[in-house]
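Chain letters run A, B, ... following the sequence lines, proteins first, then strands; residues in each count from 1.
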Protein chains: 2
Amino acid sequence: MRGFAQRSTVDEALAWLRPQWQRLEEEVVPVADAHDRVLARAIESGLDVPQFRRAMMDGFAVVASDTQGATAYNRLTLNVIGEAWPGRPFAGHVESGSAVKIMTGAPLPKGANAVLPVEETETSGDQVALLGEVPAEKHVGRVGEDIDAGSMVLAAGRCLRPQDLGVLSSIAVAQVPVVRRPRVRIVVTGNELLPAGSWPGPYEIVDANGPMLTALIERDGGEAVYPGIVPDDREAITAALTDDCDVVLVSGGSSVGQEDFVPLLLAEQGELAIHGIAMRPSSPAGMGRLGPRLVFLLPGNPVSCLCAYDFFAGPTIRALGGRSTDWPYLRKRLKLARKLVSVVGRVDYARVAINEDDEVEPLAISGASILSSTTRADGFVIVPGDSEGSGPGSEVEVFLYDR
Amino acid sequence: MRGFAQRSTVDEALAWLRPQWQRLEEEVVPVADAHDRVLARAIESGLDVPQFRRAMMDGFAVVASDTQGATAYNRLTLNVIGEAWPGRPFAGHVESGSAVKIMTGAPLPKGANAVLPVEETETSGDQVALLGEVPAEKHVGRVGEDIDAGSMVLAAGRCLRPQDLGVLSSIAVAQVPVVRRPRVRIVVTGNELLPAGSWPGPYEIVDANGPMLTALIERDGGEAVYPGIVPDDREAITAALTDDCDVVLVSGGSSVGQEDFVPLLLAEQGELAIHGIAMRPSSPAGMGRLGPRLVFLLPGNPVSCLCAYDFFAGPTIRALGGRSTDWPYLRKRLKLARKLVSVVGRVDYARVAINEDDEVEPLAISGASILSSTTRADGFVIVPGDSEGSGPGSEVEVFLYDR
């Protein structure tokens with residue numbers, strides 16, 4: 001039971017945090033599991049795609065010079081000596097006077113150097129009549145047309161798109177080197193808390209932060225480790241804090257176990273770098289290290305927990321995973337419908353709604369603990385520490401909760 | 001081996017498709033699994049949050065009138081008769097002259113009607129000296145302050161945010177009614193194709209569409225069913241097409257099995273509504289129904305496959321899952337650096353890069369089959385059917401691949 005003697009600023013907290021934002025090492029995953037993962041190094045193609053000259057149209061593989069002078073009124077005729085299909089090439093050789101029926105994507109037979117589209121032919125038995133001419137190489141895709149062997153296909157740090165998986169598959173990359181996802185241990189304590197899905201007794205409340213943090217961590221590319229609420233005793237909390245992970249998020253009630261013990265443990269056995277931040281909500285937030293782990297003290301109140309997560313833990317998790325540390329929300333510049341009040345000396349995370357006129361309405365909220373404010377809100381506005389807020393009609397940047 | 005007698009327009013294809021966009025039925029999932037799912041119906045709270053009056057500050061629960069006149073220079077003293085913690089309420093009654101030490105979030109003891117913050121007190125043994133006064137109800141959170149029992153908390157159709165899971169958990173919703181995710185069967189055929197992760201022989205190519213479509217379906221909230229490449233025979237394809245699912249995506253090579261058989265099967269046993277569309281790439285795309293399933297014929301060429309997916313299959317999967325049918329890409333209005341050429345009468349899906357000056361560079365691509373163009377591109381521009389394209393300097397809307 002104490003106040004904070006001296007609060008750090010948000011900038012001071014971020015200044016301590018930024019040097020910790022080191023990308024994790026690489027691991028490999030099958031290409032089918034690589035969507036939305038971050039490439040750990042650049043990928044060069046080990047082969048040409050395609051590896052063979054292919055037909056780009058359905059038609060007939062021919063020696064181009066055989067078609068010279070052919071028109072609908074001056075039909076030339078060739079002998080059809082076989083067929084070429086994708087995966088089933090024609091085994092023989094096309095010589096002058098002969099043609100091979102060919103499907104789009106099929107390997108061009110040896111000897112042929114062009115494809116006459118089917119629309120410009122008429123077949124009759126083993127004969128094909130040519131109604132037009134084609135120059136050499138027409139409708140033939142070259143070796144390496146899509147991707148040349150040795151070329152750089154995807155750069156390191158890229159967050160893989162669906163079509164990137166197609167490309168990786170095409171160049172026979174079976175295992176993709178990606179940045180390991182940070183393991184994030186959620187430590188929720190509080191004797192008053194029941195697990196999600198419970199019905200609360202008269203003085204109990206149900207854990208809101210566990211499910212919320214799990215979803216936030218997954219949004220940010222982390223692997224959430226949340227085996228359940230931790231009993232409010234020192235041994236259990238110490239065990240949870242020293243779990244095998246990269247980041248620990250501690251969210252407690254306001255009970256003694258969390259409020260005093262975790263900062264103490266950090267200060268004694270690791271580093272309690274920041275405790276108490278000039279912001280609203282989330283002023284009791286803190287951060288530090290314990291062994292190899294970055295530890296975030298998130299206030300138990302769910303709105304403060306969300307706010308402290310998004311300011312500090314979120315960008316850290318994204319940075320460890322090789323992702324952008326920028327806010328993961330769309331932004332919109334809009335005018336204020338009403339005054340947005342703040343206090344100089346602290347950063348405000350103000351939940352706002354966007355009204356029918358596309359104006360920003362700050363939500364009037366009595367307590368910081370109103371989680372439903374973050375579901376009624378369309379987003380939030382960050383009021384910097386040197387601002388008293390803004391008057392109606394002034395433009396603010398809104399971060400939108402929905403993507 | 002044939003052309004398309006008459007191509008439908010993109011608008012005609014969408015006009016056939018839109019009436020099929022019926023949201024699927026509801027299912028329930030545990031709240032911990034509900035992130036990014038779509039609520040099937042509105043959620044009302046079955047309880048007040050909190051269910052009890054609680055302290056909003058650390059301090060002492062008092063009878064407010066006992067504090068009247070207290071200042072640092074006129075200290076009043078109360079007997080401390082116990083403690084109240086979150087989850088561990090004080091069992092007795094606070095009467096005039098007594099106080100209970102209380103932590104933020106703890107239930108306010110009976111008899112007390114205000115909390116004097118710890119900063120305005122000094123404790124000495126069983127006595128607490130008051131350095132200030134508090135009015136009744138100060139620093140006390142009311143029953144239902146966050147959520148009132150019976151109030152509507154989340155609307156039907158909402159895509160659930162991380163904080164929504166916190167709210168649902170708080171109001172003891174264990175199972176969340178969400179729209180069922182559409183089951184989407186991927187049917188990839190082609191004798192020339194090897195499964196992802198293989199090294200291709202001289203005339204083989206590795207399946208790019210399976211991994212790409214799987215990722216696209218997951219992006220759009222569907223459940224991808226992809227047991228592997230389907231052998232190119234009628235029985236195997238028929239079995240795959242009649243799998244237990246809501247949507248079938250057929251992507252074949254250009255072999256006879258796919259090109260002729262699937263449209264025929266649809267025409268005979270279901271409906272082949274559209275086959276051949278005036279667009280580039282993807283002109284061989286088609287769609288129809290087979291029993292309860294919507295079937296999409298996606299060209300085997302990966303760029304066409306991506307394009308046809310995004311125009312037709314993607315919005316269908318999102319609509320069935322209760323999501324927006326709008327393009328799932330960020331948009332940016334930018335100026336063209338060079339001419340973007342198109343042809344009247346067809347819709348173009350033009351891959352573009354954004355250069356250092358934030359201008360749009362159409363990618364010069366010889367063939368539509370260049371999948372790597374979609375990885376080199378930053379996004380695409382849609383050129384409508386009535387346009388010949390646009391000149392340098394004119395503004396176009398770019399859909400960005402990265403989110």
Asker: Just by distance, with hydrogens left out, do A/Asp58 and A/Thr104 show a side-chain donor and acceptor under 3.5 Å apart?
Answerer: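 The answer is yes; a qualifying pair exists.
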Asker: How long is the straight-line distance from OG of A/Ser251 back to CG of A/Leu193, given to the nearest 0.5 Å?
Answerer: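 Atom-to-atom, A/Leu193:CG and A/Ser251:OG are 7.5 Å apart.
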Asker: Does any backbone or side-chain atom of A/Ser198 lie under 4.5 Å from a heavy atom of chain B? Answer side chain, backbone, both or neither.
Answerer: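 Contact with chain B: backbone only.
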Asker: Would you mind checking which part of A/Leu216 comes under 4.5 Å of any heavy atom in chain B, side chain (CB onward), backbone (N, CA, C, O), both or neither?
Answerer: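 When you check distances to chain B, atoms from both the backbone and side chain of A/Leu216 fall under 4.5 Å.
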Asker: Quick one: what part of B/Ala224 sits under 4.5 Å from any heavy atom of chain A, side chain, backbone, both or neither?
Answerer: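 Contact with chain A involves no heavy atom of B/Ala224 at all.
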Asker: Just verifying a value: how many Å separate B/Glu192 CD and B/Tyr203 OH, rounded to the nearest 0.5 Å?
Answerer: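 The OH atom of B/Tyr203 is 14.0 Å from CD of B/Glu192, to the nearest 0.5 Å.
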Asker: Return the option, out of B/Asp164, B/Val31, B/Val173, with the maximum number of heavy-atom pairs under 4.5 Å with chain A.
Answerer: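 Most pairs with chain A among the choices: B/Asp164.
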Asker: Go through the atoms of B/Val167 and report whether side chain, backbone, both or neither lie under 4.5 Å from a heavy atom of chain A.
Answerer: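 Both parts, backbone and side chain.
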Asker: Taking the side chain from A/Gln163 and the backbone from B/Thr374, do they hold a donor-acceptor pair closer than 3.5 Å?
Answerer: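 Yes: the side chain of A/Gln163 pairs with the backbone of B/Thr374.
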Asker: Quick check on the interface: out of A/Ala174, A/Gly166, A/Ala196, who has the most heavy-atom pairs with chain B under 4.5 Å?
Answerer: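 Most pairs with chain B among the choices: A/Gly166.
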Asker: Go through the structure and list residues passing side chain to side chain donor-acceptor pair (under 3.5 Å) with A/Asp207, not counting sequence neighbours.
Answerer: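 Applying side chain to side chain donor-acceptor pair (under 3.5 Å) to A/Asp207 gives A/Tyr226.
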Asker: Not counting sequence neighbours, which residues clear side chain to side chain donor-acceptor pair (under 3.5 Å) with A/Asp148? List them please.
Answerer: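 A/Asp148 satisfies side chain to side chain donor-acceptor pair (under 3.5 Å) with A/Arg142 only.
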Asker: Would you tell me whether A/Asp402 and A/Tyr329 have side-chain atoms, one donor and one acceptor, within less than 3.5 Å of each other?
Answerer: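 No pair is found: no donor N or O on one side chain lies under 3.5 Å from an acceptor on the other.
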Asker: With a 4.5 Å cut-off on side-chain heavy atoms, are B/Ile229 and B/Thr189 touching?
Answerer: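 Of all side-chain heavy-atom pairs linking B/Ile229 with B/Thr189, none is under 4.5 Å.
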Asker: When heavy-atom pairs shorter than 4.5 Å are enumerated against chain B, which of A/Leu213, A/Val206, A/Thr375 gives the highest number?
Answerer: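 Option with the greatest count: A/Thr375.
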Asker: So, are A/Arg53 and A/Glu145 salt-bridged, with charged N and O less than 4.0 Å apart?
Answerer: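 Not counted as a salt bridge, because no side-chain N and carboxylate O are separated by less than 4.0 Å.
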Asker: Chain B: which of A/Ala155, A/Ala208, A/Gly210, A/Gly141 shares the most heavy-atom pairs with it under 4.5 Å?
Answerer: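 The candidate making the most pairs under 4.5 Å is A/Ala208.
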Asker: Name the option with the most non-hydrogen atom pairs under 4.5 Å to chain A; the candidates are B/Gly197, B/Pro162, B/Ala172, B/Gly87.
Answerer: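 Among the listed options, the one with the most contacts to chain A is B/Pro162.
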Asker: Among A/Met212, A/His35, A/Arg161, A/Gln51, which residue forms the greatest number of heavy-atom pairs with chain B at distances under 4.5 Å?
Answerer: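 That would be A/Arg161.
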Asker: Side chain, backbone, both or neither: which part of B/Leu168 has a heavy atom under 4.5 Å from chain A?
Answerer: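 No part of B/Leu168 comes within 4.5 Å of chain A.
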Asker: Quick one: sort the A/Tyr401 and A/Phe380 rings into parallel, tilted or perpendicular, breaks at 30° and 60°.
Answerer: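 The rings of A/Tyr401 and A/Phe380 sit tilted, inter-plane angle from 30° to 60°.
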Asker: Considering only heavy atoms and a distance below 4.5 Å, find which of A/Asn209, A/Leu154, A/Leu47 pairs most often with chain B.
Answerer: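 Looking at each of A/Asn209, A/Leu154, A/Leu47 in turn, A/Leu47 comes out on top.
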Asker: Please state whether the side chain, the backbone, both or neither of A/Ala84 comes within less than 4.5 Å of a heavy atom of chain B.
Answerer: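 No part of A/Ala84 comes within 4.5 Å of chain B.
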Asker: Among A/Cys305, A/Ala32, A/Pro200, A/Ala34, which residue has the highest count of heavy-atom pairs closer than 4.5 Å to chain B?
Answerer: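 Winner by heavy-atom pair count: A/Pro200.
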Asker: Heavy-atom cut-off 4.5 Å, strictly under: side chain, backbone, both or neither for A/Leu330 against chain B?
Answerer: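 Looking at A/Leu330, just its side chain touches chain B.
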